[in-house]
Amino acid sequence: MTAFHRRVIQAVRQIPPGRVATYGDIAVLAGHPRAWRAVGNIMRDCDEPGTPCHRVIGAGGALGGYGGSLHLKRELLRAEGIDVGMRRVRGFATLRWTGVKKAKSPSSRRR
DNA sequence: GCATTGACTAGGG
DNA sequence: GCCCTAGCCAATG
């Protein structure tokens with residue numbers, strides 16, 4: 001268990017229901033935009049319960065994998081109200097959650 | 001510490 | 001539209 005590992009888990013848990021995020025997005029949220037590779041590894045370990053790892057899909061809407069149970073993942077996503085094709089998510093561009101919520105914070109903290 | 005792997009991504013054929 | 005190759009980061013052996 002490392003800080004990065006934990007950070008990734010947290011990012012995944014922040015994904016709102018009915019939305020999906022790509023490994024790249026999770027990596028960005030974790031603070032390592034180039035670590036989507038590790039994200040996949042961590043997801044594979046997916047120890048933390050309550051972590052909607054099924055909401056984490058590949059780029060372009062590819063489901064990616066789910067311990068080999070793509071069927072289950074597809075069902076879960078569909079249960080969330082997400083249209084899932086045979087191997088890709090429909091409306092992925094619309095359902096994609098990059099973690100960049102409008103952020104209407106009073107303080108415009110521009111970098 | 002080095003080498004291999006992995007639920008990846010982007011580009012070319 | 002599908003298949004292959006190259007690049008990348010972190011974890012594991």
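Throughout, a chain's letter reflects where its sequence line sits, starting with A, and its residues are numbered from 1. These numbers come from a predicted model, not from an experiment.
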Hey, does the side chain of A:His32 come within less than 4.0 Å of C:dA10's phosphate (OP1/OP2), counting only N and O? yes
Would A:Arg37 and A:Tyr23 satisfy side chain to side chain contact (heavy atoms under 4.5 Å, CB included), going step by step from the backbone distance to the final call? CA-CA 8 Å; A:Arg37 283 281 200 169; A:Tyr23 295 91; over 6 Å; no
Mind checking whether A:Val12 and A:Val39 have side chains closer than 4.5 Å, heavy atoms only? no
Roughly how many Å is it from CD1 in A:Ile42 to C1' in B:dT5, rounded to a whole number? 14 Å
Atom CD1 in A:Ile26, atom CE in A:Met43: separation rounded to 0.5 Å? 6.0 Å
For A:Arg87 and C:dG1, what is the distance between atoms CZ and P respectively, to the nearest whole Å? 13 Å
Please test A:His54 against A:Glu80 for side chain to side chain contact (heavy atoms under 4.5 Å, CB included), starting from the C-alpha separation and ending with a verdict. CA-CA 10 Å; A:His54 61 269; A:Glu80 300 255 330; 3.7 Å; yes
Apply side chain to side chain contact (heavy atoms under 4.5 Å, CB included) to A:Val89 and A:Leu95, showing your working. CA-CA 9 Å; A:Val89 177; A:Leu95 299 169; 4.3 Å; yes
A correct 5'-to-3' footprint of nucleotides 6-12 of chain B, with B, S and - meaning base, sugar-phosphate only and no protein heavy atom under 4.0 Å, is BBBSS--
Given side chains that start at C-beta, do those of A:Phe92 and A:Thr22 come closer than 4.5 Å, heavy atoms only? yes
If you compare every side-chain N and O of A:Thr2 against the phosphate oxygens of C:dA10 (OP1, OP2), does one of them come in below 4.0 Å? no
